[in-house]
Protein chains: 2
Amino acid sequence: MSDLLERLRGRGWRLTAQRRVVAEVLNGDHVHYTADEVHAKAADRLPEISRATVYNTLGELVSLGEIIEVSTDGRAKRYDPNAHHAHQHLVCARCGTIRDVHPSGDPLADLPAEQRFGFEVSAVEVTYRGICPNCASA
Amino acid sequence: MSDLLERLRGRGWRLTAQRRVVAEVLNGDHVHYTADEVHAKAADRLPEISRATVYNTLGELVSLGEIIEVSTDGRAKRYDPNAHHAHQHLVCARCGTIRDVHPSGDPLADLPAEQRFGFEVSAVEVTYRGICPNCASA
DNA sequence: TTCTTGACTTAGACATTATCCAATGTAGGA
DNA sequence: TCCTACATTGGATAATGTCTAAGTCAAGAA
């Protein structure tokens with residue numbers, strides 16, 4: 001994660017305690033927190049951090065391509081730090097749990113030119129939906 | 001669209017003026033309105049219709065599988081009446097325009113069993129993102 | 001036709017998520 | 001160390017969606 005902080009400093013980021021804490025919270029695989037969860041976890045370490053700062057920092061990290069914004073349920077957006085490895089999401093329709101998955105094939109290649117209607121297509125998101133083992137057995 | 005109203009009546013739906021108007025607003029191809037847009041258009045014909053009723057009716061239509069809920073931007077959900085033909089979405093990252101598209105291949109088949117982590121996978125959504133011709137030339 | 005009843009609708013309060021803004025604080029270069 | 005542009009704060013505000021209590025009405029029954 002200090003990698004990330006170094007990269008950010010290289011891009012002219014001013015390194016503040018708040019930004020450091022937000023970046024630390026997002027460290028790890030299979031992390032998909034909402035902005036509010038990030039704020040709560042950040043506040044454990046830095047109690048006076050404000051929600052606005054968390055939103056600002058998340059927005060900047062998204063712009064810089066360091067994290068990905070995921071809205072799987074039409075409720076709060078979630079933030080996925082695993083931005084440097086192409087992957088898709090598998091979401092439990094009941095409890096909202098998200099798993100990163102790696103389908104075979106390239107979905108972008110599945111959209112033929114005549115189905116692009118003149119768009120410059122640059123990205124594709126695939127969201128699989130189902131019931132997770134936990135919820136299925138409950 | 002009277003097809004739809006007949007189907008709904010067959011399912012025990014009480015047919016009210018409000019529900020009729022909402023169903024009419026959603027008639028057509030490539031329609032992707034937000035709940036608020038549906039409410040505004042419905043209110044053109046039936047000025048006293050309330051937002052709660054629009055939300056209720058949209059929710060029921062989704063449960064019945066007559067329309068699909070799409071959240072492409074983390075803001076308002078949009079409602080797609082084209083529920084009986086499998087299709088995916090192509091979204092302009094700048095202006096938010098949505099087009100229905102039909103990729104080749106079956107994305108569900110691209111998720112191997114060992115990538116399903118015990119989930120019962122029942123659906124997949126694919127969202128292509130890019131810049132539409134309009135925004136590209138602006 | 002008229003009656004009855006439970007499903008439907010309404011207005012507005014409330015909840016959740018996100019953004020804006022003016023005042024204040026501070027990281028990092030000079 | 002000092003400056004200053006950039007960052008942070010908290011509170012107001014916006015956008016979207018949900019809930020509730022009271023009134024209304026569609027459609028079957030008589």
task: Anything under 4.0 Å to a heavy atom of chain A counts; send over the first and last such nucleotide of DNA chain C, read 5' to 3'.
output: dT16(C) to dG28(C)

task: Remember a base hit wins even if backbone is also touched, and classify Arg51(B) as base, sugar-phosphate or nothing at under 4.0 Å, heavy atoms.
output: base

- prompt: Between atom CD in Glu37(B) and atom P in dA15(D), what is the gap in whole Å?
  reply: 14 Å

- prompt: Among dT9(D), dC19(D), dG17(D), which is the nearest nucleotide to the side chain of Ala35(B)?
  reply: dG17(D)

- prompt: Nearest 0.5 Å, what's the CD1-NE2 distance between Ile49(B) and His39(B)?
  reply: 6.5 Å

query: Contact class for Ala76(A) vs. all strands (heavy atom < 4.0 Å): base, sugar-phosphate, or nothing?
result: sugar-phosphate

query: Contact class for Arg9(B) (heavy atom, under 4.0 Å): base, sugar-phosphate, or nothing?
result: sugar-phosphate

message: Is there a side-chain contact between Thr16(B) and the phosphate of dC25(D), meaning an N or O under 4.0 Å from OP1 or OP2?
response: no

task: Let me know the distance between CG of Asp36(B) and P of dA14(D), rounded to the nearest Å.
output: 15 Å

- prompt: Could you give the CZ-to-C1' distance, from Arg75(A) to dA15(D), as a whole number of Å?
  reply: 14 Å

- prompt: Hey, what do you get for CD (Glu69(B)) to OH (Tyr79(B)), rounding to the nearest 0.5 Å?
  reply: 4.0 Å

query: Does dA7(D) have OP1 or OP2 sitting under 4.0 Å from an N or O in the side chain of Arg19(A)?
result: yes

query: Going by atom types only, do His89(B) and Asp80(B) share a side-chain donor-acceptor pair under 3.5 Å?
result: yes

field: Atom-pair distance (CG on Leu15(B); C1' on dA26(D)), nearest Å
entry: 9 Å

message: I want to confirm an ordering. Mapping Val54(A) and Arg14(A) to their closest nucleotides on DNA chain D, which one lands closer to the 5' end?
response: Arg14(A)

task: Report the residue (Trp13(A) or Asn56(A)) whose heavy-atom-nearest nucleotide on DNA chain C is the more 5′ of the two.
output: Asn56(A)

- prompt: Is the shortest heavy-atom distance from the side chain of Val124(A) to the side chain of Asp110(A) under 4.5 Å?
  reply: no

message: Within a 6.0 Å radius of atom NE2 on His85(A), are there more than 12 heavy atoms belonging to other residues, nucleotides or ligands?
response: no

- prompt: Please give, in whole Å, the distance from dC19(D) C1' to Tyr55(B) OH?
  reply: 13 Å

message: Nearest 0.5 angstrom please: Tyr128(B) OH to Leu111(A) CG, how far?
response: 5.0 Å

query: To the nearest angstrom, how far is Leu46(A) atom CG from dA7(D) atom P?
result: 17 Å

task: Supply the atom-to-atom distance Glu66(A) CD to Thr57(A) OG1, rounded to the nearest 0.5 angstrom.
output: 13.5 Å

- request: Let me know the distance between NE2 of His39(B) and P of dT18(D), rounded to the nearest Å.
  value: 15 Å

- prompt: Separation of Arg11(B) atom CZ from dA26(D) atom C1', in whole Å?
  reply: 20 Å

